[in-house]
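In the text below, chain A, chain B and the rest are named by the order of the sequence lines, each starting its count at 1.
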2 protein chains.
Amino acid sequence: MRAAEHPDLTEIGLTEVMAALSDPIRVGLVRVLADGEERGWGELRAPIAKSTLSHHLRVLRDAGLTRTRKEGTRCWVTLRGDDVEARFPGLLSAVLTAAQADGTGHQVSVDTD
Amino acid sequence: MRAAEHPDLTEIGLTEVMAALSDPIRVGLVRVLADGEERGWGELRAPIAKSTLSHHLRVLRDAGLTRTRKEGTRCWVTLRGDDVEARFPGLLSAVLTAAQADGTGHQVSVDTD
DNA sequence: CGAATCGTTCGATGTTCGTAGAACGTCGAA
DNA sequence: TTCGACGTTCTACGAACATCGAACGATTCG
């Protein structure tokens, strides 16, 4: 039932990572998290239903790109920048640079309180 | 009907590139072409039907990752390494490094005559 | 306890994708 | 011109995917 696990460093697969980053919404989420700050689920803004957002966050989590921490009813999301960098050096920063140049993921933002 | 065009440099989109590279066979094809050499269609070896190979090469071409040149009945494929590098610096080399570390695309080879 | 909040999961829907085989178009060779 | 080689396109199909609304489970608050 529950496949919502955080894969270990060595279990992060390139195909899954690339597939996860082939959707604009998910790239936008990664961009929002790119500064390393932990973000609250509810702060994330994207033009999709919350069930769809939950789905995208799960794909990112399963791919090993993000980590989710629960705290009461809320949860917090962080980018696993160091892990991905260790596994696939230069990949994440290249994608982030590309996304910025390309505008991919602009539809996602965050309510900075 | 025919969408098999080579996109211009500025038309290369990140989402399309990432989607193209989210399939192991296509990553393998890119790896085979990574040395910059032009390869003959018929030299490419992958455990798939030729119609499927044609499909994958089309996806790569449409994404702007490869260029196809026809010569008589044969055609030759090259990686658009410089173009992709100009558009998304560091992305391709990071993916190639990652693929090698990960083993992604090992199923594809080339008959070096 | 009861109500509200938060995020996940379920069910359904329409789309896209990877795959293969068959038919086709093109070109070079006999 | 007839034949064979080469690569593309067509058609089909099952799997995976993005999306939504509704229902659910957990937790906090009144």
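At least one side-chain nitrogen or oxygen of B:Arg61 sits closer than 4.0 Å to the OP1 or OP2 atom of D:dT8. Remark: B:Arg26 is in phosphate contact with C:dG18, judged by side-chain N or O atoms under 4.0 Å from OP1 or OP2.
Remark: P of D:dA16 and CG of A:Asp62 are 15 Å apart, rounded to the nearest angstrom. Whole-Å rounding puts the A:Trp76 CH2 to D:dT27 C1' distance at 15 Å. The interatomic distance linking A:Leu53 (CG) with C:dG7 (P) rounds to 9 Å, in whole Å. C:dC6 atom P lies 13 Å from atom NZ of A:Lys70, rounded to whole Å. Here C:dG7 presents its P atom at 10 Å from CZ of A:Arg45, a figure rounded to the nearest Å. If you take CG of B:Leu57 and P of D:dT8, they are 7 Å apart, rounded to a whole angstrom. The nearest whole Å value for the distance from the CZ atom in B:Arg58 to the P atom in C:dG18 is 13 Å.
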Which atoms of nucleotides 11-16 of chain C (N or O only) lie under 3.5 Å from a protein N or O atom, and what are those distances?
none

Please tabulate, one pair per line, each protein N/O and nucleotide N/O from nucleotides 19-23 of chain C that are separated by under 3.5 Å, including the distance.
residue: C:dT19; atom: OP2; partner: B:His56; partner atom: NE2; Å: 2.4
residue: C:dA20; atom: OP2; partner: B:Ala49; partner atom: N; Å: 2.7
residue: C:dA20; atom: OP2; partner: B:Thr52; partner atom: OG1; Å: 3.0
residue: C:dA20; atom: N7; partner: B:Ser51; partner atom: OG; Å: 3.2
residue: C:dA20; atom: N7; partner: B:Thr52; partner atom: OG1; Å: 3.4
residue: C:dG21; atom: N7; partner: B:Ser51; partner atom: OG; Å: 3.1
residue: C:dG21; atom: O6; partner: B:Ser51; partner atom: OG; Å: 3.1

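A:Glu11 is linked by a side chain to side chain contact (heavy atoms under 4.5 Å, CB included) to A:Pro7, A:Asp8, counting only residues two or more places apart in sequence or in another chain. For A:Arg67, the side chain to side chain contact (heavy atoms under 4.5 Å, CB included) partners are A:His6, A:Thr78, A:Arg80, A:Asp83, not counting sequence neighbours.
Taking both residues in full, the closest heavy atoms of B:Gly64 and B:Val84 are given as O-CG2, 3.9 Å, listed atom of the first, atom of the second, then distance. Closest approach of A:Glu16 to A:Ala63, counting heavy atoms only: O-CB, 3.8 Å.
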Summarise protein proximity over nucleotides 25-30 of chain C in one line of letters, 5' to 3': B for base, S for sugar-phosphate only, - for none, counting protein heavy atoms closer than 4.0 Å. --B---
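Contacts between residues 32-42 of chain A and DNA chain D, counted as heavy-atom distances below 4.0 Å, involve no residue at all.
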